[in-house]
Amino acid sequence: MDDEDWDTEITDNRGGGALPAFQPNFQKSGSLPVRANETSSVFGRSVKPAGVDGKQNGEEKPTGGFGNRRSFGNRGASGNRFEERNPGFGRGMIDGGDTYRGRRGSIRGGRGGHGLFTSNDYEMQDGGQQSSFFGSKRGGFGASSGDAENRGRRFRGRGGYKGINEEVIGGAGKSLWKSDGDGEGGDFAGPKVTYIPPPPPDSEDDIFAHYQTGINFDKYDNILVEVSGLDRPAAIMTFEEAGLCQTLIKNIARAGYSKLTPVQKHSIPIVLAGRDLMACAQTGSGKTAAFLIPILAQMMQDGVSATQFKEQQEPECIIVAPTRELVNQIFLESRKFAYGTCIRPVVVYGGTQTNHSVRQIQQGCNILCATPGRLLDILGREKIGLSKLRYLVLDEADRMLDMGFGPDMKKLISNPGMPPKDERQTLMFSATFPEEIQRLAGEFLKIEYLFVVVGQVGGACSDVQQTILQVSQYDKRDKLVEILQGIGDKRTMVFVETKKKADFFATLLCQEKIKTTSIHGDREQREREEALHDFRSGRCPVLVATSVAARGLDIENVQHVINVDLPSSVDDYVHRIGRTGRCGNIGKAVSFFDPATDSGIAQPLIKVLADAQQEVPSWLEEIACGSCPVGFSNPRRNMFASVDSRKAFQSKENQHSGGFLASNTSPADESWD
DNA sequence: AAAAAAT
């Protein structure tokens with residue numbers, strides 16, 4: 001290969017020195033069965049070290065300025081936050097001497113103060129008052145100061161936090177919110193404080209932290225792959241065939257990747273060939289690396305803007321995803337691959353200080369990982385320009401294009417600076433992709449894009465053992481406690497339908513002495529990240545979540561998913577249970593099915609179960625038969641769409657016209673296959 | 001009903 005040495009002078013992109021030597025250590029990469037279309041292909045190409053100037057990146061760590069740190073509760077949560085602080089509701093929150101949570105907080109309209117009990121703070125502060133959620137009484141959101149304590153510790157981390165530690169742990173959290181002159185906001189007269197995220201851990205071990213592939217990893221090779229479109233590049237079988245530079249090879253190995261998954265085998269050469277791509281592959285099968293690796297490789301070859309402070313930065317790559325935590329996860333993954341190169345990834349999302357996002361970007365930005373709202377905000381402030389944009393990635397693409405995010409995506413694509421689709425590469429990845437959304441996606445993609453499907457579009461991962469239990473809503477709490485007590489300390493994600501119920505169940509489980517935390521959109525950003533950290537670390541083996549955590553999150557050792565409430569869309573179900581059974585590991589998913597509310601999902605659910613070779617309860621089939629699925633009138637996408645009906649579009653059939661989102665209103669009245 | 005910008 002002729003590209004082995006050009007990057008050897010490059011220094012650590014965190015501002016550190018030259019990289020220590022690292023020997024790639026590919027694990028046993030056995031010979032894989034090669035399918036007919038998987039002939040190896042060489043992507044070694046002439047490499048010019050353009051733009052690779054070995055410049056050090058700017059320092060990523062915030063340098064103080066932590067005065068002003070409360071997430072702004074949007075979506076009306078702020079509107080009623082103080083009104084609901086009636087006696088008897090959330091009173092348990094006011095413990096530990098009026099901690100910051102009780103004081104600043106009730107940020108979620110008085111809810112959300114459920115305890116997250118730590119090992120050393122394990123008693124209900126409100127005397128163990130039992131809640132009766134289903135009886136429509138909303139009491140007993142007892143709280144513990146436990147996570148407040150830990151939170152203060154964790155988010156301190158570096159310089160600039162000194163002196164706060166004692167105050168928080170002492171429970172006098174309000175001092176935390178007093179301005180001591182180091183903040184840029186310092187507006188403590190008002191209730192608005194914006195959270196500044198902690199600097200990401202950046203020791204090399206932290207950066208490359210990963211978990212092991214599971215016993216079923218090799219079974220990925222048995223899954224059928226369908227690639228449609230013209231002039232399909234051949235798949236590659238090994239990382240070596242991708243013709244990557246040495247630094248990237250090292251980073252890939254160090255990040256724990258040794259064997260390609262099917263979606264990677266096909267997507268990497270497609271992206272390297274400069275093609276647009278829509279790719280569907282099961283949850284946990286390596287989609288993120290499937291786009292990051294080839295993008296990084298291309299950027300290394302073509303060169304990127306030097307890392308230096310500029311008022312406006314012009315990233316070569318923008319990656320969007322539907323939740324803040326997912327965007328952060330993608331960022332952390334991109335940081336692995338970019339380590340020791342001149343490519344600087346940056347992450348920005350809401351619930352944090354916009355100024356912090358801006359500063360991060362201004363220090364240099366080649367890959368921008370962002371949630372849509374903050375991205376548009378930053379674009380509007382002209383802190384990023386799009387003239388150098390060459391890669392636009394929509395992770396969880398179906399979600400990014402549906403009713404919720406579609407308008408934001410349209411704004412992004414319509415930005416005057418956005419290169420037309422023929423001058424950029426647009427990549428979309430998801431485990432699910434309803435047909436009508438595929439159709440919308442065509443607006444973003446070149447006519448001749450390629451469509452990769454691993455297995456079935458919208459299919460569940462077969463490494464997840466799925467169980468459906470008929471449980472009425474009134475029995476859910478007892479059943480949940482029973483199951484969790486049987487599970488023991490194994491990591492479990494519990495999904496519910498509403499934020500309120502997330503709080504309720506988290507509180508309930510804490511009362512049952514099960515170490516639980518929760519994540520949902522009405523929690524402060526810092527609380528969300530704290531919850532995720534406590535779950536990841538095992539400190540809280542149970543995470544109660546809304547669908548905010550349904551997609552993309554890659555958490556080690558999640559062995560169980562419990563759907564206390566089934567989602568209304570079967571695609572959401574597929575994503576939720578996909579939090580377990582990742583990367584060749586196995587997992588279990590148990591779902592409570594209440595015929596009173598869930599009959600609409602019975603039929604598509606049966607399809608998903610059957611396609612994943614799971615047992616289908618006879619009672620469920622009876623319910624499905626009874627719930628006549630005649631309606632395509634149901635506004636909810638996917639309600640009755642069978643997995644089988646979703647087929648890959650042939651690329652020449654993608655030349656549909658029609659305005660973006662306008663076509664959303666017209667159902668599948670055209671034949672797409 | 002969840003989520004995505006702040007204000």
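First the proteins, then the strands, lettered A, B, ... as listed; each starts at 1.
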As a quick check of understanding, evaluate side-chain contact (heavy atoms from CB on, under 4.5 Å) for A/Leu375 and A/Asp408, giving each step before the final call. CA-CA 9 Å; A/Leu375 175 61; A/Asp408 278 351; over 6 Å; no
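- The side chain of A/Pro372 has B/dA4 as its nearest neighbour among B/dA4, B/dA2, B/dA3.
- Here A/Thr546 reaches the OP1 or OP2 of B/dA3: one of its side-chain N or O atoms lies under 4.0 Å away.
- As rounded to whole Å, 12 Å separates atom C1' of B/dA3 from atom CD1 of A/Ile519.
- At a threshold of 4.5 Å between non-hydrogen side-chain atoms, the residues A/Pro197 and A/Gln525 do not count as touching.
- In terms of phosphate contacts, A/Arg324 brings a side-chain nitrogen or oxygen within less than 4.0 Å of OP1 or OP2 of B/dA5.
- In this structure, the CD atom of A/Glu325 is 16 Å from the P atom of B/dA2, given to the nearest Å.
- Whole-Å rounding puts the A/Lys500 NZ to B/dA2 P distance at 9 Å.
- The phosphate of B/dA3 (OP1 or OP2) has no side-chain N or O of A/Thr371 nearer than 4.0 angstrom.
- With hydrogens and angles disregarded, a donor-acceptor distance shorter than 3.5 Å links the side chain of A/Arg424 to the backbone of A/Pro419.
- We find that CD of A/Glu396 is positioned 13 Å from C1' of B/dA3, with the value rounded to whole Å.
- The listed nucleotides are B/dA4, B/dA3, B/dA5; the one nearest the side chain of A/Arg528 is B/dA4.
- Per the geometry, CG belonging to A/Leu376 stands 16 Å off C1' belonging to B/dT7, to the nearest Å.
- Test A/Leu484, A/Val464, A/Thr492, A/Ile483 against A/His560 for side chain to side chain contact (heavy atoms under 4.5 Å, CB included) and you get one pass: A/Thr492.
- The salt bridge (Lys or Arg N to Asp or Glu O under 4.0 Å) test with A/Asp565 is passed by exactly one of A/Arg477, A/Lys501, A/Lys500: A/Lys501.
- Rounded to whole Å, the distance from CD on A/Gln353 to P on B/dA5 is 15 Å.
- Rounding to whole angstrom units, NZ of residue A/Lys501 and C1' of B/dA1 are separated by 11 Å.
- Within 4.0 Å of A/Gly404, counting heavy atoms only, lies at least one base atom of the nucleic acid.
- The interatomic distance linking A/Arg523 (CZ) with B/dA2 (P) rounds to 16 Å, in whole Å.
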